[in-house]
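Numbering of residues begins at 1 and proceeds along the displayed sequence. When a ligand or atom number is given, it counts from 1 through the structure's own listing order.
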Amino acid sequence: MLNNRLGEAIETLKQTGVRMTPQRHAILQYLISTMGHPTADEIYRALEKNFPNMSVATVYNNLRLFKEAGLVRELTYGDSSSRFDANLMDHYHVICTNCGKITDFEHPSLLDMEQLAESKTGYRVGSHRMEMYGVCPTCQQKQ
Ligand code: ZN
Ligand code: MN
């Protein structure tokens with residue numbers, strides 16, 4: 001499963017003419033294997049011991065490239081760092097208000113809400129984002 005997704009992602013990059021480098025491969029593998037939603041800084045810290053010459057800027061540039069190729073989604077949170085999500089299936093997020101952990105959950109897409117928003121506002125709605133906030137199981141145990 002992991003190797004399939006990694007293989008497909010590498011193939012997609014090849015088709016867009018992106019050359020595979022060891023760093024690029026490692027960043028992609030990290031994104032696909034982690035079930036978290038890491039920031040560029042977290043990816044950098046996870047990989048720096050294997051790639052002493054890598055910089056945070058390298059990680060950022062690669063993330064931008066992956067995003068343009070449609071391999072990851074960027075989750076922005078105002079002024080704080082973006083998080084990157086390699087789960088491309090439609091899904092929603094529950095976010096821990098204590099530790100910031102983001103957990104995926106599946107639910108049929110709320111497309112009827114988009115239609116409702118369109119009819120109420122006259123906007124042409126192209127996407128939506130829903131997040132729920134609470135305390136994750138790990139933090140509940142610590143409390
Ligand atoms: Zn938590
Ligand atoms: Mn996600």
Number of protein N, O or S atoms [distance to the Mn ion (ligand 2) under 2.8 Å]: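 The number of such protein atoms is 5.
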
Within 6.0 angstrom of Arg124 CZ, more than 12 heavy atoms from elsewhere: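 Check fails, neighbour count at 12 or below.
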
Student check: side-chain heavy atoms of Glu68 and Thr16 closer than 4.5 Å: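 In short, these two side chains do not touch, never coming nearer than 4.5 Å.
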
Cluster question for you: counting only ILVMFWY and a side-chain heavy-atom cut-off of under 4.5 Å, with indirect links fine, are [X] and [Y] together?
X: Val94; Y: Met130; answer: yes
X: Leu116; Y: Leu111; answer: no
X: Ile27; Y: Ile10; answer: yes
X: Met20; Y: Met54; answer: yes

Output a table of donor-acceptor pairs, distance under 3.5 Å, between side-chain atoms of residues 103-110 and any protein atom two or more places apart or on a different chain; print 'none' if there are none.
from: Asp104; atom 1: OD1; to: His37; atom 2: NE2; distance (Å): 2.9
from: Asp104; atom 1: OD1; to: His91; atom 2: NE2; distance (Å): 3.0
from: Asp104; atom 1: OD1; to: His93; atom 2: NE2; distance (Å): 3.2
from: Asp104; atom 1: OD2; to: Asn87; atom 2: ND2; distance (Å): 3.0

The Zn ion (ligand 1) - number of protein N/O/S atoms closer than 2.8 Å: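 Under the 2.8 Å cut-off, the count stands at 4.
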
Contacts of type side chain to side chain contact (heavy atoms under 4.5 Å, CB included), residue Leu71, not counting sequence neighbours: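 Ala9, Thr12, Leu13, Leu28, Phe66, Ala69.
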
Under 3.5 Å donor-acceptor, Thr34 side chain and Tyr30 backbone: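 Side chain of Thr34 to backbone of Tyr30: no pair is present.
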
